[in-house]
Amino acid sequence: MNLGDFREDYRRGELDRSGLDVNPLAQFETWFQQAAGERAQSRWRKIGIALYKLWSALGNHRPPDSNAMTLATVDQSGKPSTRTVLLKSADERGFIFYTNYDSRKGRELAENPHAALTFFWPELERQVSVAGTIAKLPAAESAAYFHSRPRGSQIGAWASPQSEVIPNRAMLEAKWRKLEKQFPQEVPLPPNWGGYILWPERMEFWQGRPSRLHDRFSYLRQADGTWKIERLAP
Ligand SMILES: Cc1cc2nc3c(=O)[nH]c(=O)nc-3n(C[C@H](O)[C@H](O)[C@H](O)COP(=O)(O)O)c2cc1C
């Protein structure tokens with residue numbers, strides 16, 4: 001397979017130092033809302049977005065999950081692994097996602113709390129990269145989110161020994177049915193399931209530009225809590 005001719009020329013936007021927020025988490029929120037198409041400021045805009053969503057759903061044109069991010073972790077021997085997870089919230093503490101603490105990523109994060117995330121929003125020709133350290137969310141916060149999930153997913157979290165080798169799918173489905181009977185009412189939070197929060201030390205905003213002269217700005221957290229902003233070569 002040769003993909004040498006697969007290329008796009010990016011021309012949908014530009015990024016300038018003067019347009020950047022001093023706080024990268026605020027900058028992220030602006031970009032995220034644009035990627036998610038939710039900047040509903042006026043009624044007409046809301047109607048426009050609703051029509052766009054309907055058109056997207058009918059025509060299968062929906063952009064990919066804008067909260068999907070690639071999470072990179074590293075094991076004890078320095079070998080990396082990546083996978084997609086969903087961002088479930090972002091605030092001054094950092095970026096929150098949920099998973100199984102016994103999974104490969106969970107084991108790697110227990111060994112090495114340094115991790116990185118990448119968002120790619122092709123419709124906007126934008127990328128955001130984040131690097132920092134990860135900690136578990138308090139169990140009460142994980143429980144609150146867990147109980148907001150559909151019942152089927154809650155049972156799924158109990159049923160799946162994430163990242164372990166299993167003999168077949170039937171075993172997984174049988175386990176799910178057994179657990180469904182075991183928890184006729186509320187499904188408790190599994191002890192090995194919950195949230196992580198990535199506390200950013202470095203963030204980078206990338207806007208595609210023509211001729212590969214893209215705009216890139218890096219934010220580095222300083223000891224006093226402010227951020228140093230620098231333009232990087234593309
Ligand atoms: C779009 C998308 C979203 C996903 N979101 C999550 C998530 O939020 N949490 C999670 O544990 N796995 C999620 N997964 C599955 C992971 O990519 C991965 O298969 C799983 O977490 C096991 O990874 P690990 O073996 O590296 O720990 C998602 C996969 C895709 C494609």
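Reckoned from all heavy atoms, side chains included, excluding hydrogens, waters and symmetry mates. Order of listing sets the numbers, starting from 1, for every ligand and every atom in it. The first residue in the sequence is number 1, and the count goes up from there.
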| field | A68 N/O under 3.5 Å from ligand 1 N/O | value | no
| query | Taking both backbone and side-chain atoms of D65, is any N or O found less than 3.5 Å from an N or O belonging to ligand 1? | reply |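 No, D65 has no N/O under 3.5 Å of an N/O on ligand 1.
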Residue, atom name and distance, where the atom is the protein heavy atom closest to [atom]:
atom	value
atom 9 (N) of ligand 1	Y98 O, 2.9 Å
atom 22 (C) of ligand 1	K105 NZ, 3.5 Å
atom 8 (O) of ligand 1	L86 N, 3.0 Å
atom 1 (C) of ligand 1	T84 CG2, 3.8 Å
atom 6 (C) of ligand 1	V85 CA, 3.6 Å
atom 24 (P) of ligand 1	S163 OG, 3.5 Å
atom 19 (O) of ligand 1	R83 CB, 4.8 Å

| field | Residue portion contacting ligand 1 (non-hydrogen atoms closer than 4.0 Å) for F97 | value |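 Neither part.
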| Should the proximity of Q162 to ligand 1, defined as any heavy atom under 4.0 Å, be assigned to the side chain, the backbone, both, or neither? |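 The side chain, only.
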Quick test of your reading of the model: are [X] and [Y] salt-bridged, counting only N-O distances below 4.0 Å?
X	Y	value
R11	D9	yes
R107	E111	no
D215	R231	yes

| Among W227, F205, Y219, F119, whose ring-ring contact (aromatic ring centres under 6.0 Å, His included) with F28 holds? |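 It is F119; the other options fail the test.
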| said: At less than 4.0 angstrom from any non-hydrogen atom of R104, what atoms of ligand 1 do you find? | reply: 24 (P), 25 (O), 26 (O), 27 (O)
| Numbering the atoms of ligand 1 from 1, which are under 4.0 Å from a heavy atom of T99? | 10 (C), 11 (O)
| said: Counting neighbours of CZ on R104 that are heavy atoms of other residues, nucleotides or ligands and sit closer than 6.0 Å, is the number greater than 12? | reply: no
| task | Kindly write out the residues that satisfy salt bridge (charged side-chain N to carboxylate O under 4.0 Å, His left out) with R221, not counting sequence neighbours, or none if the list is empty. | result |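 Counting only residues at least two positions away or on another chain, R221 forms no salt bridge (charged side-chain N to carboxylate O under 4.0 Å, His left out).
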| task | Could I get the full list of salt bridge (charged side-chain N to carboxylate O under 4.0 Å, His left out) partners for R169, not counting sequence neighbours? | result |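 E173.
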| task | Look at the rings of F183 and W158 and say which category their plane angle falls in: under 30° parallel, 30 to 60° tilted, over 60° perpendicular. | result |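 Correct class here is tilted.
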| field | Polar side chain donor-acceptor pair, Q154 to R149, under 3.5 angstrom | value | no
| How about atom 27 (O) of ligand 1: does it have a protein heavy atom within less than 4.0 Å? | yes
